[in-house]
Number of protein chains: 2
Amino acid sequence: MAITLDQIRCFIATAEELHFGRAAERLQMTQPPLSRQIQRLERSVGARLLDRDHRRVTLTPAGTAFLEDAYRMLAAVDASVQHARRVEAGSAGTVHLGVTAVSAIGVLGPLLGLLDRELPEVDVVLHESASGGQVDGIRRGQIDLGLARPPFDTASLSSRLVLREPLRAVVPDGHPLAEVDRPLAPEDFDGQSVISYHPTSARYLHELTVRFLLNGHARIEQHVQQVLTAVLLVAAGQGVAFVPASVAALHVQGVRFQRLTEVPGAHADSDPARPVELHALWARDGLTPLLRQVLRLVERAVEEQDDPAGV
Amino acid sequence: MAITLDQIRCFIATAEELHFGRAAERLQMTQPPLSRQIQRLERSVGARLLDRDHRRVTLTPAGTAFLEDAYRMLAAVDASVQHARRVEAGSAGTVHLGVTAVSAIGVLGPLLGLLDRELPEVDVVLHESASGGQVDGIRRGQIDLGLARPPFDTASLSSRLVLREPLRAVVPDGHPLAEVDRPLAPEDFDGQSVISYHPTSARYLHELTVRFLLNGHARIEQHVQQVLTAVLLVAAGQGVAFVPASVAALHVQGVRFQRLTEVPGAHADSDPARPVELHALWARDGLTPLLRQVLRLVERAVEEQDDPAGV
DNA sequence: TCGGGCCGATACCTTGCGGGTATGGCCATC
DNA sequence: GATGGCCATACCCGCAAGGTATCGGCCCGA
């Protein structure tokens, strides 16, 4: 014999009215079944909740305590229903967001701010990993939405280009190229020692570097995995590197970020002036309403901070 | 069409098994009614909770959210039942405790400590008022247990003597009586200016004062309502006063507490050496299990700090 | 490509719980 | 002592929840 929400509703009405007849009326029923519901409830709870001594009905201490809990239970049921509806509508829930260290610099801050303001009931869990790790995470259902760089197989994943930004050169203060006030061309780096990226784990930036330098005679001497590492190595005088423009926002001491001439596009609709692309990435069959909302905010986040990358 | 706890239980089983057949087995029922329960639940909630695509069952985001809430709801129901049982057994609940400022000095501290240790699930609400106010509070059901002084009508109230303590004289430092090292007799106060109490709101202490001074020739010059006020007036040199021995625990600067000879008893079994009585007081028909527990602790609290009043 | 098996949905039957009416029993009041 | 108020009990009924049988779609192996 289990407790029912109906019994709880009956109890609340009776406890408030302290009168079975009036409580029954309020519950749109007659008094006898109400009496039975209360009896059943008391039997299930294992404690007398109402003292009825033929003249007046009063709450026992156990009843007083149970009444408070009863309100909470009904409120909890109601809140749960509301919450589920909001989750289905996409205005509440949890998003597992995959980010790379670099995407974090440009888009993540504004995006998190927007999420907080526009979808306050959405919890965000960040998963920091390289682009390749994000694809795996999405496949395994651990990540709902990734912010990553191409290439990724388009068979099971959907994607949308959310940001294009220029490629910049990072050179140490005092370096001859640090003083030049024009876009640097591949030939400007002839003979320079270049820090590029790991060909597999940071394949995208590595290919960009190689593609930019294609017609020059620079020497690629090191391969790092993180953009920040490259910048720090430049600051340490180990060479020059090429990074997404938004990295300038980090304000690392001892380096300058220099504009570049156009970079040959990797595909048909790429923009040579802004060759660094960031894509939003999700499982083809995982486009939930919440994800749609978040994607909308990703685009707004990009618009809001468009300038720093565009200049 | 309202949600049922049964539906929630069905949903939990199905969400855990992700398989209607196995879930039904676990719930000791067959699969078709389980399917219908889930459908009904989804209709009530207004959101699809499980995606069932002929091969596998998965939780929708709304379902994931609802599952967490579902656990909480069932746990809340269970906790409420347990709580009600404990309240009925007297080991949980709320006690409204009536205290006077003076009872607080002697008994209240140890009592609250004991309550905290022995009945941690019991909430205590203190109501500070004079003895008369407590009787009203008990009558109106606002106070469960009062710590007050006689007299009170014994028709609707039950009481138990919990503490007897001596009466002490409060005299200012430097006063001739402050140096005497023997119990003071009524005659010692001949010609002194005495601070007594309001004959109605602090009737008990007033009558004690009068009864002690009966054979002497002291002059009662002021009537105050609070014991502490009397002590402070003594410190200010306005006269002498008589207070329960436990008041000495306050350690007011500038006054001394002096022993007294015996005070004639007000009733048959009063103790002339310890004429100040404190009674626990409750509605005759309000002796709940919890109150019984609290009364037990009141007695233990008195035993534990018996000494300061007894010396 | 076809058949078998798996699994959830549907149709239909049955039973038991929840609600209704009538009435009893107890106390308070006049 | 008669009356009325109020909760409990007895008994009846209808519906909703559970059971059985079956459908229908999909996957998989031959």
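Values below: all heavy atoms of this structure, side chains included; hydrogens, waters and symmetry mates excluded. Order of the sequence lines fixes the chain letters, A, B, ..., with proteins taken first and strands second; residue numbering starts at 1 for each chain.
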Could you tell me whether a side-chain N or O of [X] sits under 3.5 Å from a main-chain N or O of [Y], the two making a donor and an acceptor?
X	Y	value
Asp144(B)	His96(B)	yes
Thr60(B)	Leu49(B)	yes
Thr100(A)	Ala148(A)	no
His19(B)	Gly21(B)	yes

Specify the separation, in whole Å, of atom [atom1] of [X] and atom [atom2] of [N].
X	N	atom1	atom2	answer
Gln7(A)	dG19(C)	CD	C1'	14 Å
Gln37(A)	dA8(D)	CD	P	13 Å
Leu41(B)	dA17(D)	CG	P	12 Å
Arg43(B)	dA17(D)	CZ	P	10 Å
Arg48(B)	dG8(C)	CZ	P	13 Å
Ile38(A)	dA8(D)	CD1	C1'	13 Å
Asp6(B)	dC17(C)	CG	P	12 Å

Carboxylate-amine/guanidinium contact Glu17(B) Arg26(B), below 4.0 Å: yes

Side chain to side chain donor-acceptor pair (under 3.5 Å) between Gln293(B) and Arg296(B), worked out: CA-CA 5 Å; Gln293(B) 300 262 44; Arg296(B) 194 171 53 80; 2.9 Å; yes

Which residues pass the side-chain contact (heavy atoms from CB on, under 4.5 Å) test with [X], sequence neighbours left out?
X	value
Ala92(A)	His83(A), Arg86(A), Val87(A), Glu121(A)
Arg85(B)	Val81(B), Gln82(B)
Thr200(A)	His198(A)

Closest heavy-atom pair and its distance - Leu50(A), Glu42(A): N-OE2, 3.1 Å

side-chain N/O Arg40(A) vs dC17(C) OP1/OP2, d < 4.0 Å: no

Distance below 4.0 Å between Arg56(A) side-chain N/O and dC27(C) OP1 or OP2: no

Pair His267(A), Glu277(A): side-chain N/O donor-acceptor within cut-off below 3.5 Å: yes

Pick out the pairs of N or O atoms, protein on one side and nucleotides 9-14 of chain D on the other, that lie under 3.5 Å.
unit_1 : atom_1 : unit_2   : atom_2 : d
dT9(D) : OP2    : Gln39(A) : NE2    : 3.3

Bending between helix ends of the helix from dT1(C)-dA30(D) to dC30(C)-dG1(D) [5 pairs per end, 10° resolution]: 20°

Any residue of residues 13-29 of chain B with a heavy atom less than 4.0 Å from an atom of DNA chain C: His19(B), Phe20(B), Gly21(B)

